[in-house]
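All residue numbers refer to positions in the sequence shown, counting from 1. These numbers were taken from a predicted model, which means no experiment stands behind them.
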Amino acid sequence: MTSRRRFLRNASALLLATAATPAMAVPATTLEIRTLMAPPEWALLERELLKANAEACEAFFARYFDERGFLLAVERWGANDGPDDAIENVNDWPHLHALGASDRLLELSKKAYEGNVRQYTLAKTKDVPFAREGMYYKEFSVMTDWQHLSEGLSVFNLLGLSDPYDARYRDRVRRFSGFYMNEDPGAPNYDPEHRIIRSMITGSRGPMLRMATPLDWAGDPFEVGDFFMEHGERTYAETLRHYDEYTDVIGDGPLNLQVTSLVLNAYMLDHEPKYRDWLLSYVDAWVERAQASGGVLPSHVGLDGRIGGPDGKWWGGVYGWGFSPVVPQTGKREDRNRVPRAIVGFMNAYLLTGDDKYLEVWRRQADVINAQRKTIDGKVHTPRMYGDKGWYGYAPGDYRVNGLEIWYLSMKASDRARAAEHPWLAFLDGKDPDFPVKILRKDLEQVRARAQAQRDDRSTPDTRLADAALDINPASANALIHLMQGGIHIARPPWSPTSPAQGGALLYARLRYFDPERRRAGVPEDVAALVEALSDDGATVTLVNTNLVQARTVTVQGGAYGEHRVLSVAVDGAAPVAVDASAFTVRLAAGAGARLVLTMKRHVNPPTLSFPWDRA
């Protein structure tokens, strides 16, 4: 064996540079890893899953979209199957590109978004009054609730991960935020005196300041026929009746906190203080309301800022604590409390500040609910709803809703005890070393099954509503976010089907990756990453280059938006190398890999959308 070969085999890492070169500006600290590592099974599966996702999504786009990016389906206004459902057909595609999937996915994501804006600007209602001139106005939904507004922004809110320099994106995110900061006189959605959004139903044409009608929610009359109906309605009359009790929309509600993802994106462009100030002022108002309501986030605030509105019912409002409308098909009431989705607003405030007060709201709320425990049939139950007669809607077990999100941000052992058990958390605890391979294979099978479902689909554009193909969108990003980024996907996880899905959420991740040679987001071709441990002050990640011929260079960033500072990196047990920056770069020799132990200070940098080489 030659001395060079011995060196390649035995060397672990070298500190190559402390300054960026003009030819390829990269973060100051650069490590070189030369230790050979046979590609682990998880690494090969990650690369295969990225590839399979891209191929399946491209086939899906070719089937369900036209060359303009229009969805090939019947265009309707409505909470069941409106414009938000149309763009949700490409949910997670921006996630996948930002992880390292092909550039074609970003291209198709943008094409679908541009098509959605154009398609639903042209689409008009006949009976629904506020959409007769177009379902979008100024490229934004004219007037709907933030459950559906946020779902309609699920793709848009993540486009900045891969292309924060797109001029149209930058213009839109500022303009859309302006609808909620009183910067557009045609959209007076916000009351700065009382720090409220003035209605549950808002948009580019302003707030709805009247009682809503079933027609506002259900859209124009149509023949239900053989259309897939998510809620199981058999006639248009049943669709209307589904929304009989969706009337109490005047005033603020916690779902409106989902607007903070939009405003935070605007802040992360250039750090204009007005966006940070508005976001924190609005979330702080809700912190104060929770304190004034005995520790529970109220679900209705009147136009005068009074909790509970004119009748003083803090639990009121559509999607509130007491919202259990009648299901027309059965005549029974169904609990539809959506307050837990509001945690996104508090997570965004925490992302900006690292201030624990935003998490304490949710701990206290859980404590109040858990204090209402009852033993039913020998098992502990806790409530999910509150109405005129007090707490109701009891479910088995302690109340742990949003426990994962709280722990993920705080990294406190006490919050870990609040979170429900998850296979990913067991893996991070060192209890299930086979989890990465199992979950990656599961996601690969999901891609295959959904691609097959698309091939088996015999529907035609005139027999599909906008939500008909949502369940066969093949994009499967959940496992990759967990394993590659040490992140959480704010959506319904596959092992917890009852968890509330979160539309429009940003990315919450311990690490992100960039390709400095191709100047794009995501790991370079052939590179795989596995986050094996997380703590308040560190993370452990294994990086491997599965290419046995060519070297690869990857930039590693602390946090989804550079909000964490990496203090040092120790490679394969060697002495730590100082970093003291939001990112560092690793050059992986052909077939090389290593375990990196990072020490970090979390939530100390202003979050940003700019790429690592474009900031100091």
Side-chain angles (χ1 to χ4, degrees), residues 36-62 90-109 161-162 423-424 427 432-455 472-487 489 491 493-495 509 511-515 518 520-532 541-554 556 586 588 590-595:
L36 298 182
M37 176 184 287
E41 185 177 5
W42 59 260
L44 298 175
L45 287 170
E46 280 184 2
R47 296 307 316 179
E48 180 59 27
L49 183 53
L50 286 170
K51 178 174 177 287
N53 266 306
E55 292 175 349
C57 289
E58 187 161 2
F60 182 91
F61 189 94
V90 296
N91 273 1
D92 279 343
W93 296 19
H95 267 309
L96 290 167
H97 181 269
L99 283 159
S102 74
D103 285 333
R104 180 70 170 149
L105 267 185
L106 178 60
E107 177 187 338
L108 293 177
S109 298
L161 292 173
S162 290
W424 177 54
F427 166 69
D432 186 4
D434 296 328
F435 171 72
V437 169
K438 289 187 293 187
I439 194 65
L440 288 166
R441 287 196 177 279
K442 184 175 182 178
D443 271 22
L444 269 171
E445 171 55 25
Q446 179 171 282
V447 173
R448 185 209 63 78
R450 291 183 175 182
Q452 184 61 50
Q454 177 218 303
R455 292 190 292 271
I472 59 173
N473 168 14
S476 297
N478 197 59
L480 294 170
I481 292 171
H482 281 328
L483 300 178
M484 295 180 69
Q485 299 178 321
H489 194 192
W495 54 78
L511 302 175
R512 264 190 79 201
Y513 308 95
F514 298 83
D515 184 340
R518 297 175 62 198
R520 57 153 287 180
V523 291
E525 188 178 2
D526 303 314
V527 171
L530 178 63
V531 175
E532 303 172 44
V541 59
T542 294
L543 296 177
V544 60
N545 176 11
T546 64
N547 191 304
L548 304 181
V549 178
Q550 296 181 350
R552 296 287 183 243
T553 302
V554 58
V556 182
V586 178
L588 290 158
R595 179 177 283 107

Can you measure from [atom1] ([X]) to [atom2] ([Y]) and round to the nearest 0.5 angstrom?
X      : Y      : atom1 : atom2 : answer
Glu525 : Thr546 : CD    : OG1   : 8.5 Å
Cys57  : Leu96  : SG    : CG    : 6.0 Å
His97  : Asn53  : NE2   : CG    : 13.5 Å
Asn473 : Arg450 : CG    : CZ    : 6.5 Å
Leu50  : Ser476 : CG    : OG    : 11.5 Å
His95  : Leu161 : NE2   : CG    : 7.5 Å

With Trp42, the side-chain contact (heavy atoms from CB on, under 4.5 Å) member among Thr542, Asp434, Leu483: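 With Trp42 as partner, Thr542, Asp434, Leu483 yield a single side-chain contact (heavy atoms from CB on, under 4.5 Å), made by Thr542.
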Going by heavy atoms in the side chains, are [X] and [Y] under 4.5 Å from each other?
X      : Y      : answer
Ile481 : Leu99  : yes
Leu444 : Leu45  : yes
Phe427 : Leu530 : yes
Val541 : Val556 : no

Which word best sums up how the rings of Phe61 and Trp93 line up, parallel for under 30°, tilted for 30 to 60°, or perpendicular for over 60°? tilted
Taking only residues two or more places apart in sequence, or in another chain, which ones meet [X] in a side chain to side chain contact (heavy atoms under 4.5 Å, CB included)?
X      : value
Ala521 : Ser162, Arg512, Phe514, Phe611
Ala551 : none
Ser102 : Ala54, Arg104

Let me see the working for Asp443 and Leu480 under side chain to side chain contact (heavy atoms under 4.5 Å, CB included), right down to the final yes or no. CA-CA 9 Å; Asp443 271 22; Leu480 294 170; 5.8 Å; no
Do any N or O atoms from the side chain of Tyr513 and from the backbone of Met484 form a donor-acceptor pair under 3.5 angstrom?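 Here the side-chain-to-backbone pair exists.
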Could you give all pairs that pass the salt bridge (Lys or Arg N to Asp or Glu O under 4.0 Å) test and reach residues 43-54, with sequence neighbours left out?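 Output for this query lists Lys51-Glu55.
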Write down the atom of [X], the atom of [Y], and the distance for their closest heavy-atom approach.
X      : Y      : result
Asn547 : Gln550 : OD1-N, 2.8 Å
Val447 : Pro474 : CG2-O, 3.5 Å
Asp432 : Pro436 : O-CD, 4.3 Å
Leu588 : Gly593 : CD2-CA, 4.3 Å
Ala590 : Asn545 : CA-ND2, 3.6 Å

Show the numbers, then the answer: is there a side chain to side chain contact (heavy atoms under 4.5 Å, CB included) between Ile439 and Trp424? CA-CA 9 Å; Ile439 194 65; Trp424 177 54; over 6 Å; no
Taking 4.0 angstrom as the limit, do Arg448 and Glu445 come out as a salt bridge? yes
Test: Glu532 and Arg595 ion pair at under 4.0 Å: yes
Stepwise side chain to side chain contact (heavy atoms under 4.5 Å, CB included) check, Gln485 with Val531: CA-CA 6 Å; Gln485 299 178 321; Val531 175; 5.8 Å; no
Excluding sequence neighbours, so at least two apart, what forms side-chain hydrogen bond (donor to acceptor under 3.5 Å, both in side chains) with Asp92?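 side-chain hydrogen bond (donor to acceptor under 3.5 Å, both in side chains) list for Asp92, sorted by chain: His489.
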Test salt bridge (Lys or Arg N to Asp or Glu O under 4.0 Å) applied to Asp526 - qualifying residues, sequence neighbours left out: Arg552
